[in-house]
Amino acid sequence: MSLFHFPSDVRYACQCCGACCRDTWEIRVEPDAAERVLAADWRSCCTIDSKEDSPFKLIKGNTSVLTFKRHDDACVFLGEGNRCRMHERFGIEIKPFVCQRFPYRFVETPGGVYVGMSFACPSVLQGEGPLVADAPAEAERIHAINQTEHLHVNEPIQLDKTLNLSWDEYQQIEQTLDAIFSHEEYSVAHCLIAGHAWLSMLRRLMRQAGPTALPFFIKQTTDENFARVFKIAQRPVAHGALKRMLLGSFLSFRNTLRPGQSRLFLIPRLTFANLRHWCRWGSVPLEPLDKCVSYKNFAPSHELLEDAETQSILRRYYRHALFRKELVQGTDLFWGYCYLVLVHGLIEYYAAGLKAAGEENPARAIQVVEKYFVHHSTFGRTFLYHPAMLLIFQRVFDRPNFAHTIVLG
Ligand code: SF4
Ligand code: SF4
């Protein structure tokens, strides 16, 4: 029997909004599920053109993985009231694994199974429905469907490229970062910067004094209620042009990785992107939003995320990112935390882009970024292994004002 851990503050009840079956989702259909669908009378519950002989197509840029064809930008099985007609006709078991699992995602660790939830789901994002922790049987049922697909965190866990941690040590760090985020008298932006300062100090100390420094540092900073790192977080050292350059290059790199784009000219292209974003020239590519946003209409600011409701959602989001082990999904902990800081910059950028397109709810930006850069994307890791980006970002992650710049620049 696995030991399950549930988030204490995440709620979910499907509202049948259809968001997970629409827009840019390319649902991965595993071979077994494709066979199940083809063996059933799939035409009876599908909006497909009668001339077509299959409900599948290949995922963009992939020569072997199937997804469902689309009709009006939705999966061909999506029916009235945003209900899955295939599910209604044949039962949940016929659907691909990702359809059965969403918005759950499980992380297997040395300490048990952590039940992670996707903030791309509007119900999870807005905190609607009962606590996930109150429906353990549902999570355990979904967990049992296909255990080979779960994420794993194994010992040793790296704090950075030179320092290894045991599972217990990692947990102590995660709990301390969570304690920093739970300081509601500070904005989420200041908590993110304080966390970066705390981890940077811990790395320096552990490099000098070894693993014994960890409990000492945790005790000392907890006893002073993190006063020192929150004081650092409030220093006015953010750099707006550097932020534009970093996030602009990051977004340009994301688009460069699209199928069909040559990597030959990546470095010159990134250099040009750096320059362009430094000077606020041209537009900002915010895929998958419909169009690029011109710098003239683009006004990102940390103030966009400062209303009480967005702060509350963001705080829940970052604490849940820690809980579902987002910081150590294939990266070292320090890199994972710096990526989380970048994610905050992206959320602000997407909030500004959505606002320019007439969207009033800034929290929608969390949904887009979660889907496109975090929980449903391997981009964070791909970017880590690309030498051109590694070169740029390794330098800036270590800068003492990195988090200030991304969060408040
Ligand atoms: S996005 Fe969430 S609430 Fe909407 S249909 Fe999917 S699971 Fe249900
Ligand atoms: S098969 Fe059903 S649940 Fe899966 S994407 Fe299509 S409509 Fe949604």
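Here the structure is a predicted model, which means the values were calculated and not measured. Read the numbers this way: they start at 1 and go in the same order the structure lists the ligands and their atoms.
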What residue and heavy atom of the protein are closest to atom 1 (S) of ligand 2, and at what distance?
Phe68 CE1, 3.5 Å

Enumerated ligand 1 atoms positioned under 4.0 Å from heavy atoms of Tyr12
7 (S)

At what distance is the nearest protein heavy atom to atom 4 (Fe) of ligand 2, and which residue and atom is it?
Cys99 SG, 2.4 Å

Arg315/Asp9 ion pair, N-O < 4.0 Å
no

So which protein heavy atom does atom 6 (Fe) of ligand 2 come closest to, and at what separation?
Cys75 SG, 2.4 Å

Are any of the side-chain nitrogens in Arg36 or Glu93 under 4.0 Å away from the carboxylate oxygens of its partner?
no

Flag for Tyr318-His344: side-chain donor and acceptor within less than 3.5 Å
yes

Ligand 1 to Gln15, heavy atom cutoff 4.0 Å, flagged ligand atoms 3 (S), 8 (Fe)

How far is atom 8 (Fe) of ligand 2 from the closest protein heavy atom, and which atom is that?
Cys21 SG, 2.4 Å

Can a salt bridge be assigned to the pair Asp178 and Arg319 using a cut-off of 4.0 Å between side-chain N and carboxylate O?
yes

May I ask you to check whether Cys14 brings an N, O or S atom to under 2.8 Å from atom 6 (Fe) of ligand 1?
no

May I ask you to identify the nearest protein heavy atom to atom 2 (Fe) of ligand 2, giving residue, atom name and distance to one decimal place in Å?
Cys84 SG, 2.4 Å

Is NZ or CZ of Lys296 both nearer than 6.0 Å to the six-membered ring centre of Phe298 and within 45° of the ring axis?
no

